[in-house]
2 protein chains.
Amino acid sequence: MVEKRADARRNQATLLEVAAAAFVESGVNVPVRDIAARAGVGVGTIYRHFPTRADLIVAVYHHQIEACAAAGPALLAGSATPHAALAEWIGLFVDFLVTKHGLAGAFHSDDAAFQKLHSYFLDRLLPVCADLLAAAAAAGEIRPDVGALELMRGVGNLCIGDGDDSRYDARRMVGFLIAGLRT
Amino acid sequence: MVEKRADARRNQATLLEVAAAAFVESGVNVPVRDIAARAGVGVGTIYRHFPTRADLIVAVYHHQIEACAAAGPALLAGSATPHAALAEWIGLFVDFLVTKHGLAGAFHSDDAAFQKLHSYFLDRLLPVCADLLAAAAAAGEIRPDVGALELMRGVGNLCIGDGDDSRYDARRMVGFLIAGLRT
DNA sequence: CAACATACGGAACCGTGTTCCGTTTACCAA
DNA sequence: TTGGTAAACGGAACACGGTTCCGTATGTTG
């Protein structure tokens, strides 16, 4: 057995599309039952393809996360200074997070189910961030003791709630944070 | 009717004590049923005294929040510069948040039940923060366009998850953010 | 001490994530 | 074409946490 049944493959594809649409309309915390109903399947079908909510979220945003990871080295190679590359890359990350209502919150949830989401983000993006930080530190543009993990968590945290209140702008706050890294 | 029944007053006091202890041990997200069990009362009794979780949390931390609010003017009067006062006051706020496991998360929850918690924090602390910011801005120490609400939300967000992971230190990140406010 | 308003306890309800299992169906071989 | 079978499905059921409701118990007052 190597090939999945045709209906299974079709359902998985449908679920990814429907989930993506539901996330856009109702945020990543949309109830699993709603997604199932919209896709015309039972909740069991969702859980067979995606063992937890986190797996579904990871699957939906897989391409965008990979694109973000890939953008790091490209920016480093193409920007005027490492610090500019870092700022641009963080900007991409922030854009990604704030356009997914509730994702930043889920990212930092202490719920065990979201551990996988957390791990995936970190696995893919932490090395990229670390390289950018190292380059900027080597160029003497930022203090040398800034860790990639703390920066990513801080940035992710600052994105929580963006969009809920027009008086709060995560991009602005992240900008201040990055500015505060300078030597 | 002006006086509450003696048992009611006693229960309310017990609940405050037990809830405070439970928050310390298990975080502010400890189930209501657990608090009820520890206090030896039914859940109905909790809800009669505190209509929602948020009311209970507000009641438990009322004194500390008031103390934090009162510290603002005192620091402003006693510090070398307005910026130093701002930094010290933010430090107090951060200390308060990070020592209450899960409180920072609840503070920014989009759950309607926590709206009251959010409002109370903002009602009491926003004016204090605004005064400190205005003083620092007037002294030319920080950029003049920083809002109290965005700063408090940013700081609150940075405190989320502190303690869950020894590699993340909210105080450090907040320090960077405040540093990034400088002109 | 009686009578009544107040307060109590905890079962029940609701919403949400997740599991389980009887039923249906795609696929392949005869 | 047609069985047979493993894979996949649907949705009821369960776990859990916040909140509500109401019959019962009790402090208080006259």
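All values below were derived from every heavy atom in this structure, side-chain atoms included, with hydrogens, water molecules and symmetry-related copies excluded.
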Next item on the list: With rounding to the nearest 0.5 Å, note down the distance linking CG in A:Leu56 to CG in A:Leu16.
Entry: 7.0 Å
Check: CZ of A:Arg53 to OH of A:Tyr47: how many Å apart, nearest 0.5 Å?
Finding: 7.0 Å
Checklist line | Residue pair A:Asp162, A:Val94: steps toward the side chain to side chain contact (heavy atoms under 4.5 Å, CB included) verdict | finding: CA-CA 10 Å; A:Asp162 182 285; A:Val94 171; over 6 Å; no
Notebook entry, point to check: Base, sugar-phosphate, or nothing for B:Arg33, non-hydrogen atoms under 4.0 angstrom?
Noted result: base
Margin query: Within this structure, what is the CZ-CZ distance for the pair A:Phe176 and B:Arg143, rounded to the nearest 0.5 Å?
Written below: 4.0 Å
Margin query: Check the phosphate of C:dA7 against B:Asn11, side-chain N and O only, distance under 4.0 Å to OP1 or OP2. Yes or no?
Written below: no
Check: Side chain of B:Thr99, backbone of B:Phe96: donor and acceptor closer than 3.5 Å?
Finding: yes
Next item on the list: Give the rounded distance in Å between these two atoms: CG of A:Leu117 and P of C:dG17.
Entry: 14 Å
Check: Which ones in residues 36-50 of chain B lie close to DNA chain C, meaning a heavy atom under 4.0 Å from one of its atoms?
Finding: B:Gly40, B:Val41, B:Gly42, B:Val43, B:Gly44, B:Thr45, B:Arg48, B:His49
Margin query: Can you confirm whether the side chains of B:Thr52 and B:Asp55 place a donor and an acceptor under 3.5 Å from each other?
Written below: yes
Check: Would you call B:Arg153-A:Asp164 a salt bridge at under 4.0 Å N-O?
Finding: no
Next item on the list: For nucleotides 24-30 of chain C, just jot down a letter per nucleotide in 5' to 3' order: B, S or -, based on protein non-hydrogen atoms under 4.0 Å.
Entry: -BSS---
Next item on the list: Report, as yes or no, whether the 6.0 Å neighbourhood of atom CZ on B:Arg9 holds more than 12 heavy atoms from other residues, nucleotides or ligands.
Entry: yes
Check: If each of B:Thr52 and A:Ala8 is mapped to the nucleotide of DNA chain D with the nearest heavy atom, which maps nearer the 5' terminus, i.e. the 5' end?
Finding: A:Ala8
Next item on the list: Figure out the CG/P separation between A:Leu56 and C:dT18, and round it to whole Å.
Entry: 11 Å
Item checked: Atom-pair distance (CD1 on A:Ile35; C1' on D:dG10), nearest Å -> 17 Å
